[in-house]
Amino acid sequence: MRASRFLTKTLRQDPGEAESASHRLMLRAGMIHQVAAGVYAYLPLALRSIHKIEQIIREEMDAAGGQEVRMPALHPIEVWAETGRDEAMGETLFRLRDRRDRELVLAPTHEEVITAIARANVESYRDLPLLLYQIQTKFRDEPRPRAGLLRGREFDMKDAYSFDTGAEALDVTYQRVREAYRNIFRRCGLPTIEVEADSGAIGGKDSHEFIVRAETGEDTVLLSPGGYAANVERATSVPPPAPEGEPLDMELVDTPGVTTIAALSELLGIPESQTLKAVFYHADGETVLVTIRGDLEVNEVKLRNHLHVRELRLATAEEAAAAGLTPGSTSPVGLAGIRRIGDPTIRQGSNFAAGANRPDQHYRNVNYPRDFEVDETVDVATAQAGHEAPDGTGTLEAVRGIEVGHVFKLGTFYTRTLGAEYTDEDGKLNAPVMGCYGIGTTRVLAAAIEQNHDDKGVIFPAPIAPFQVHLIALNADDAEVSKQAEALYAELEAAGHEVFFDDRVESAGVKFNDADLLGFPVRVVVSPRNLKSGVVEIKRRRDADATKVAPDAVERTVGELLAQDAL
RNA sequence: CGGGGUGUAGCGCAGCUCGGUAGCGCGCCUGCUUUGGGAGCAGGAGGUCCCCAGUUCGAGUCUGGGCACCCCGACCA
């Protein structure tokens, strides 16, 4: 491809819109064009990359036994009403009406449709296992689209769905897809961390996310020295110990103006770990009180999973008051007639300071279970960096990352709800057990750039770079340069390399800076200066120094450098 | 949805406080010179100042209402 004919201009200045590296660089490199918040056109550079990512995914999914399908993006609302997910998705669902005033949605995902396909096509255990996948555009009216392709409202995703005869069979499929994912990300040149993840309210047990490390990532994962890895929603930990002592008599203390743990700890001169925090939630209409040690935060995902509710949020002051609670001094002490949940950490420590359910007063020397009761003890604590890891190998480290892939066991919710059944060996009807497996293809591109760039531009992993070779003719209007560059362009293309040939009449600085910005793995420079010495300059994007070789050694050297880059 | 911010040429911005001929840099076009890290000189094109209403002799600027986009928190590939 000749730069002089290639669509897309590079920008010298950073667009004001963009904050994150991938967004900024993609705009500057002319890879994407914004049409609306979270909606982008993929220009030729980005599309070439996306095609490569998709191709790697296709090959690995096919190797894992998958078959590609394509499903509509436009669904009648009934498809979603059948599983109740029109309600569950809420405002995330894009809705529209056709000319007959029928309600339609733009598909945010395809479990319902794929299950209908399975219902129509799977009849016998002989038809299983079945692994279908799609690479398509999905639509979600995100509360907050951000960072270019990292989180869009219209984005591309590979989603795979599996159907198996039972839990054991599903596990085989699940592990096979996990392995395919490891291959995919490795082949994309993208190191990922595989972490345990929350599988959601309707999920089965297993769920794993593939995370690309990046400071700009939206996800926090916790890692132990021994290899334990989980995202923060899922992670368990052993919090640091709290002061222990002989239980003392509980006493009421005046705490004027104290409504926070920090203030309470300060006033009484005790660590936050010697306080109890009582948080009240509104869960599907019921008020629930959660008591946890003061130095910890409630993990709402864990709480939601335990409660099995659809709506979970902090209760308003009015709701709390109606349930007999006193915001600022909420306490489990002396409280009844409300569902009470306690985190196990209420036992780890003694003589806690806690609320008194009356303004400007707290109790001191509260001990469980002597002074209050809970209905259930459940781990609802948010694991933090510095806590002891659950595998006992040391303390947890927290890192930020971007979720590029997610695999999880779905169970039989969709097949049962939608009536997909197969006949087993005994002639009995059963619901296939499902798994589902997503990769955000357009997000993979953005994540690759987040992870691979410097202050000058992108440094593409070779397998997903739009072009492999950036051939620059300096003084392109010089006859000798032009002749040599054209010859190399033809030779490199004939050898199967994807060459971006900068044949423009531009200054050296412009061309070098564009090459650094676009970030193709290998740069080849033909210039009058070098031609006088009978050489051509070759440099990898990630390297500082160039090597000089004779023109007839260029193709071989490029091949070698690309091979190195693939490692 | 809550909080913060921004809408002026393709891009980055000034002008708004104090109403009076719409500006700067980059990019673009033409010519000459230049040629290894975003060249120089000369000439030129390019604007519903986000939209609507109001105040005023006169609004980019003041007032009111809307819209869009970005960033920070609750959701997800």
Side-chain angles (χ1 to χ4, degrees), chain A residues 8-20 23-24 27-28 30 33-39 53 57 88-93 108-110 135-160 181 192 197-198 200 207 209-212 216-219 231 233 300-301 304 311-314 401-408 436-447 456-457 472-478 481 505-517 523 525-532 537 539 546:
Chain A
T8 283
K9 263 194 197 314
T10 55
L11 300 174
R12 295 194 178 187
Q13 286 159 306
D14 284 332
E17 299 284 81
E19 296 282 323
S20 68
H23 190 198
R24 188 165 45 81
L27 287 170
R28 273 195 62 198
H33 172 84
Q34 181 168 22
V35 175
V39 179
I53 293 164
I57 291 173
M89 282 273 171
E91 306 222 279
T92 303
L93 212 49
T109 179
H110 288 80
I135 300 177
Q136 290 184 229
T137 303
K138 308 219 168 184
F139 301 86
R140 293 181 193 172
D141 196 356
E142 293 286 344
R144 189 158 87 85
R146 61 176 287 266
L149 262 39
L150 273 183
R151 180 175 211 76
R153 295 191 296 169
E154 173 175 337
F155 59 97
D156 285 3
M157 194 174 150
K158 186 285 302 180
D159 241 336
Y181 272 39
T192 54
D198 172 59
S207 176
E209 286 178 353
F210 289 76
I211 302 283
V212 168
T216 45
E218 298 176 286
D219 294 290
N231 68 18
E233 289 80 25
E300 292 185 9
V301 172
R304 179 191 297 270
E311 187 198 16
L312 180 71
R313 57 172 171 80
L314 289 172
I402 301 161
E403 179 188 357
V404 289
H406 193 169
V407 296
F408 67 102
C436 92
Y437 319 88
I439 293 179
T441 53
T442 42
R443 180 182 278 182
V444 165
L445 172 58
K456 305 201 87 117
I472 291 177
L474 287 189
N475 307 85
D477 46 356
D478 177 293
V481 167
V505 179
E506 284 286 355
S507 73
V510 169
K511 293 193 174 195
F512 287 141
N513 280 299
D514 276 352
D516 288 340
L517 174 61
R523 187 184 82 184
V525 178
V526 179
S527 72
R529 200 177 76 186
N530 282 335
L531 281 187
K532 283 203 188 89
E537 178 187 291
K539 170 182 148 354

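It should be emphasised that the depicted structure is a prediction, and the values quoted were computed from it without experimental measurement. Chain letters run A, B, ... following the sequence lines, proteins first, then strands; residues in each count from 1.
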Kindly write out the residues that satisfy ring-ring contact (aromatic ring centres under 6.0 Å, His included) with A:Phe155, not counting sequence neighbours, or none if the list is empty. none
Give me the distance, rounded to whole Å, that separates B:C28 from B:A45 when you measure between the C1' atoms they each carry. 8 Å
Look at the rings of A:Tyr181 and A:Tyr437 and say which category their plane angle falls in: under 30° parallel, 30 to 60° tilted, over 60° perpendicular. perpendicular
Checking N1-N3 plus N6-O4 or O6-N4 for Watson-Crick, or N1-O2 and O6-N3 for wobble, each under 3.5 Å, the partner of B:G19 is none
Going 5' to 3' along nucleotides 32-52 of chain B, which nucleotides have protein heavy atoms under 4.0 Å from the base (write B), which only from the sugar-phosphate (write S), and which from neither (write -)? ---BBBBS-------------
Grab the CD-P distance between A:Gln13 and B:C13 for me, whole Å please. 8 Å
If we take the C1' atom in both B:C76 and B:A39, what is their distance in whole Å? 49 Å
To the nearest 0.5 Å, what is the distance between CE (A:Met157) and OG1 (A:Thr442)? 10.0 Å
Check side-chain hydrogen bond (donor to acceptor under 3.5 Å, both in side chains) between A:Asn513 and all other residues, then give those that pass, not counting sequence neighbours. none
Please measure how far the P atom in B:G66 lies from the corresponding atom in B:G23, and state the result in whole Å. 34 Å
By side-chain hydrogen bond (donor to acceptor under 3.5 Å, both in side chains), A:Gln34 pairs with (sequence neighbours left out) none
Taking only the P atom of each, what is the distance from B:U8 to B:C41 in whole angstrom? 29 Å
Spacing of the C1' atoms in B:G46 and B:C24 (rounded, Å): 15 Å
Checking side chain to side chain contact (heavy atoms under 4.5 Å, CB included) for the pair A:Lys138/A:His110: CA distance, chi angles, key distance, verdict? CA-CA 9 Å; A:Lys138 308 219 168 184; A:His110 288 80; 3.1 Å; yes
Apply side-chain hydrogen bond (donor to acceptor under 3.5 Å, both in side chains) to A:Thr92 and list each qualifying residue two or more places apart in sequence or on a separate chain. none
Could you let me know what B:U48 is paired to, Watson-Crick or G-U wobble, both distances under 3.5 Å, or none if it's on its own? none
State the pairing partner of B:C41; accept Watson-Crick or G-U wobble contacts with both distances under 3.5 Å, and report none otherwise. B:G31
Check side chain to side chain contact (heavy atoms under 4.5 Å, CB included) between A:Asp141 and all other residues, then give those that pass, not counting sequence neighbours. A:Phe94, A:Arg153
Who does B:A68 pair with, Watson-Crick or G-U, both distances under 3.5 Å? B:U6
Sequence neighbours excluded, the answer for side-chain hydrogen bond (donor to acceptor under 3.5 Å, both in side chains) partners of A:Lys539 is none
Could you please name the partner base of B:G60, counting Watson-Crick and G-U wobble pairs only when both distances are under 3.5 Å? none
Counterpart base for B:G73, defined by Watson-Crick or G-U wobble contacts under 3.5 Å: B:C1
Output all residues satisfying side chain to side chain contact (heavy atoms under 4.5 Å, CB included) with A:Glu19, sequence neighbours left out; order by chain, then residue number. none
Can you tell me how far P in B:A74 sits from the matching atom in B:A53, rounded to whole Å? 42 Å
How does each nucleotide of nucleotides 69-77 of chain B score, in 5' to 3' order, for protein heavy atoms under 4.0 Å: base (B), sugar-phosphate only (S), or none (-)? SSSBBBBBB
Distance between the C1' atoms of B:G47 and B:G37, in whole angstroms? 35 Å
Whole-Å C1' distance, B:C52 and B:A68: 15 Å
